Amino acid sequence: MDFTAQPKPATALCGVVSADGKIAYPPGVKEITDKITTDEMIKRLKMVVKTFMDMDQDSEDEKQQYLPLALHLASEFFLRNPNKDVRLLVACCLADIFRIYAPEAPYTSHDKLKDIFLFITRQLKGLEDTKSPQFNRYFYLLENLAWVKSYNICFELEDCNEIFIQLFRTLFSVINNSHNKKVQMHMLDLMSSIIMEGDGVTQELLDSILINLIPAHKNLNKQSFDLAKVLLKRTVQTIEACIANFFNQVLVLGRSSVSDLSEHVFDLIQELFAIDPHLLLSVMPQLEFKLKSNDGEERLAVVRLLAKLFGSKDSDLATQNRPLWQCFLGRFNDIHVPVRLESVKFASHCLMNHPDLAKDLTEYLKVRSHDPEEAIRHDVIVTIITAAKRDLALVNDQLLGFVRERTLDKRWRVRKEAMMGLAQLYKKYCLHGEAGKEAAEKVSWIKDKLLHIYYQNSIDDKLLVEKIFAQYLVPHNLETEERMKCLYYLYASLDPNAVKALNEMWKCQNMLRSHVRELLDLHKQPASEANCSAMFGKLMTIAKNLPDPGKAQDFVKKFNQVLGDDEKLRSQLELLISPTCSCKQADVCVREIARKLANPKQPTNPFLEMVKFLLERIAPVHIDSEAISALVKLMNKSIEGTADDEEEGVSPDTAIRSGLELLKVLSFTHPTSFHSAETYESLLQCLRMEDDKVAEAAIQIFRNTGHKIETDLPQIRSTLIPILHQKAKRGTPHQAKQAVHCIHAIFSNKEVQLAQIFEPLSRSLNADVPEQLITPLVSLGHISMLAPDQFASPMKSVVANFIVKDLLMNDRSTGEKNGKLWSPDEEVSPEVLAKVQAIKLLVRWLLGMKNNQSKSANSTLRLLSAMLVSEGDLTEQKRISKSDMSRLRLAAGSAIMKLAQEPCYHEIITPEQFQLCALVINDECYQVRQIFAQKLHKALVKLLLPLEYMAIFALCAKDPVKERRAHARQCLLKNISIRREYIKQNPMATEKLLSLLPEYVVPYMIHLLAHDPDFTRSQDVDQLRDIKECLWFMLEVLMTKNENNSHAFMKKMAESIKLTRDAQSPDESKTNEKLYTVCDVALCVINSKSALCNADSPKDPVLPMKFFTQPEKDFCNDKSYISEETRVLLLTGKPKPTGVLGTVNKPLSATGRKPYVRSTGTETGSNINVNSELNPATGNRSREQSSDAAETGVSENEENPVRIISVTPVKNIDPVKNKEIISDQATQGNISSDRGKKRTVPAAGAENIQQETDGKVDESGPPAPSKPRRGRRPKSESQGNSTKNDDTTKPSSKGRKRAAVSQESPGSIEAGNAKAPKLQDGAKKAAPAERQIDLQR
């Protein structure tokens, strides 16, 4: 029953009165006028209300009878009555009147209708108080209006909108949580009928609804929000167009004046979307328009909105509106930083609520993970980690990879977030196994990655890795057994680099403990100037191991002062770093020290934080005697097969071996914790195992920890001695070494023990059974080194009669002629392995004696030099294989370098022997170069080798492998920084500047390059360019900073050398000319690279007398040894001319220089692709691009490689994509068809293998033709001829490879040497070069 769509009455109803002219009232109701009291009026109105309530639409007589009363009740007297009860009763009557007289209202005046409905609306405010006595009447009024839809009659009024607005506002204002569902339902019925049955919703009416969705209103009245929410859902079909029009006006047309809610449009869109997405069907395209706004703040607001819409849990907007989703994703690349930041923050909710969208987000997060803004990169990590912590399945491997990359970010905040995030994931999924084995496997790489970060230089990174290890990888708060089980299986599952990092971490912590221990020892000594100086140095060392070393210095000084004043604090610290401190004691000590230093009045105490960092690093929170015992028990279970190895993903063998390695490392840092019979019994059991690695590690643990075995554990001693003897005599070489050192370290009668090993071994040496020689040679060498007073003399006869005469100077077997330049260890012949150990024995014997009274060192050095000159084939019988020769060259070079670490032997090493040793770094075999460079770096970085040996790295500029050049450069950087830091930290070091200051390497480098066998003609531009590249390889690193005017100092050194003569050959003019030429090249480079080199040097350089004579008083050398044209060519890097056809096998200027040639194949992991960038990294780029185009790929370690060079001019070559071009149309000339064919690039695995041609060289035939200069690209035809004509007939005094070309072996040349005709003829005429070196020098 309502007024909707009812026809208007044809004639207006007029006020009908009774026959006597009075208004008819219901029976018992007297006249209601203003003459009566209010109470009486209320009483009479109640009766009227009762009458109207009981009436229905069918009572026509009553309707006619009470019509005058209905008109009377609408009079101003009642509508404006001051009494609310009167007004309520009148409103109820009016509501019933509309019900009874429907569809024809008894009121015809529009104004009167308006007044009536406004009056009724005002009465509805009484619904607010549900506890009011009149609430039921208010509810009846609402129910009546809703059921009859009385307000629909207002549609005919011109200003009906005012009534509706007032009604909506009233209902939204009165609704509260005390109302029941019926009240809400009637309100909804009343309002929805107005919306759905009207001609449209005006903006003001819409505002009255939408205002309840704004967060401020929503928080004030939750019920009004719920009412609006349900109303909108019910009327979605009708109201959607009105909502769309509103947002169109505001968003697209920018008419914010259309509504007071214009500034809340984005909040409204969010709420409307949550209510029903269909309300915004027409609005979403408008948001896409706004996303492309030129106003950054506006885009930011839209992004924030859409982030909530797309990210909400039940939203399917991304799938329903793909264009908007793609447009939104584009904002990840917005130019406005806050927009990108907001986009990234959204991704976390999206990943958690909509995993299906992860694929779309991945690419955009990848770009943002490299964003220039630190905050954005940080939030990318937070986004991914937050989602991963919720559920690992929400993030793919690619997203985790972004976090992995950011662990190396340039900003500490980003690195820290990435590392901590990964650590939390590891603990959650691997340690606690919250998502099963599959999830644990997915993040198993995290442990390795986090430990790899310990290799970074930043102390902050190292400290964070230590913290992560103690809290996440192996939580220190676990019980001992659980903690050790965690460590045991972690160590077994780490990759080798992570193991090294973990070992280094323990080593650094142990070193810091020793520094603190030494500091406490200084406190015990009486005060003195020397003591204060030592204490200051120790404090500076400790500060370097803490974050922000600059600030840390002040805090460490303050802490030291507190230690001096507080004896109890000192005793606590001594207990903390004592070898016997348990993990529980350490925890108590740390808390006690922190409590004493805490200041309650200072919540943030940087001093206390710094001390905590120090305590955390030195406290033994993981390892004590109980922990070692638990580790040993775990290992015993693995040996017995009762452990959970397989469940932990580790094989029993791996667990045992890794467990022993772990114990071995801990034996260095916590030796006291091992001292128990139970531990040593388990180690003895390991010694009896067949696994050589396990036994070796066990011996080393005894060596490190067994100092008290002899006195405290005699039973262990009696069992251990025969085992050690057996290992020293018949164990593996490594076991023998450790056994000898173990005996020497832990037994008081070591002389007797060692003699019992030495005598039978020295008598039983037999060169005819080389496989049984290796272990005895190792044992004898170490015995003679550890006990020289007892065994040096007996060893001399062994060396003279057996080692040199019988073993080294004889080749009993014939090596395998497979053309390889390197073979794996297991393929090396026993005889060669014995010879390598014999060379090491010689060195150990000499290092034990530490004197040259018997001139044994001179003889040994001559022997080693001869081995280098003969390329490892000391007997020159051609019976030894190429790979074995490589092993022996490496052994000889390493031996000279080892002897040079002892001052008494360094003095007798001649410049020629030093140069031979240096040339090993340019060996033809990749592995020789690699291993020799590593040994060189290791000795230099420990300051064991003299400074001159650092000059050897300059020769690495000639290495054709980019990675080797890069490694050499890193070695130089490390060595130079260590030497400079050492000088700063040690004031006394200024007295030894000649041997420490990195710049003093320049004279050694100049002298070494002047004697480079490749440098034969002092005016050859190509050779000078090589010299320049070698010089710049070293100078670039030295000239990074101009410390103490070092540029001018280096320039002055080069100028000073020109005033001296070469001490090696002072009277040879050509030698001195080459020296001065290298000086001029060096001066040219220094002048071109530094404008500061022309300043005055503060001090005069001191030149090494071993290499340079004293400057003569009247000698003046102002001559320039390189022409201006050459100088320009060197500096501008004009490319070398390209030949028609070249070969790497052309005559050499010096014996013993094999080429470095290219290969795409590799035989081992170290033989990587060397086809890119032949020039050193520091070379001139324009020359690199031009000359690289003329190279071809050939095997790195081939014996007789052939290289074809393109004659096609190359222009505009991409330096990355087109590194090398091989021509298919090389001119063959008079070369045979076998030699003229283009060489193909070797397949993978061809590294170090001789390439075979149709005309294969007979391995037993004459020696191969001469080899080219090491590591150089082929020269042009004319260059090759000039080199050949000048130098091929001259023998050289040093080098490794003889350049002899047999006149009787043209077949050899045919098969192995593809040259242009002129070069071939020259090669055939070349006289055989002879090795000329005076072994008696």
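By convention here, the first residue in the shown sequence is residue 1. Only this structure's heavy atoms are used, side chains among them; waters, hydrogens and symmetry mates stay out. None of the values given here were measured: they were computed from a predicted structure.
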Handout entry: NZ/NE/NH1/NH2 to OD/OE distance under 4.0 Å, Lys958 and Asp1012
Key =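 So Lys958 pairs with Asp1012 through a salt bridge.
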Problem - Carboxylate-amine/guanidinium proximity below 4.0 Å for Asp923 and Arg889 - result: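 Salt bridge: yes.
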Completion exercise
dist Phe1015:CZ -> Asp1026:CG (nearest 0.5 Å) comes out at 10.0 Å
Completion exercise
Output for pair (Leu916 CG, His1011 NE2), nearest 0.5 Å, gives 12.0 Å
Practice task
Look only at the side chain of Asp806 and the backbone of Asn801, and say whether a donor-acceptor pair between them is shorter than 3.5 Å.
Solution key: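 No; zero donor-acceptor contacts below 3.5 Å.
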Problem - Check: Arg965 side chain, Asp959 main-chain N or O, donor-acceptor pair, under 3.5 Å - result: yes
How close do [X] and [Y] get, heavy atom to heavy atom, and via which atoms?
| X | Y | answer |
| --- | --- | --- |
| Ile908 | Gln913 | O-OE1, 3.9 Å |
| Val798 | Ser762 | CG2-CB, 4.2 Å |
| Arg887 | Val836 | O-CG2, 4.3 Å |

Exercise for the section: Just do the side-chain hydrogen bond (donor to acceptor under 3.5 Å, both in side chains) check on Thr1016 and Gln1023 with the steps written out, would you? Expected result: CA-CA 8 Å; Thr1016 57; Gln1023 294 182 16; 3.0 Å; yes
Do [X] and [Y] have side-chain atoms, one donor and one acceptor, less than 3.5 Å apart?
| X | Y | value |
| --- | --- | --- |
| Ser870 | Asp873 | no |
| Ser865 | Glu912 | no |
| Thr875 | Asp811 | yes |
| Ser1018 | Glu1073 | yes |

What pairs of donor and acceptor atoms, side-chain ones from residues 890-907 against any protein atom, are under 3.5 angstrom apart with sequence neighbours left out?
from	atom 1	to	atom 2	distance (Å)
Ser894	OG	Leu890	O	2.8
Tyr905	OH	Leu846	O	2.4
Tyr905	OH	Lys850	N	3.4
Tyr905	OH	Asn851	N	3.4
Tyr905	OH	Asn851	O	3.2
His906	NE2	Glu948	OE1	3.0

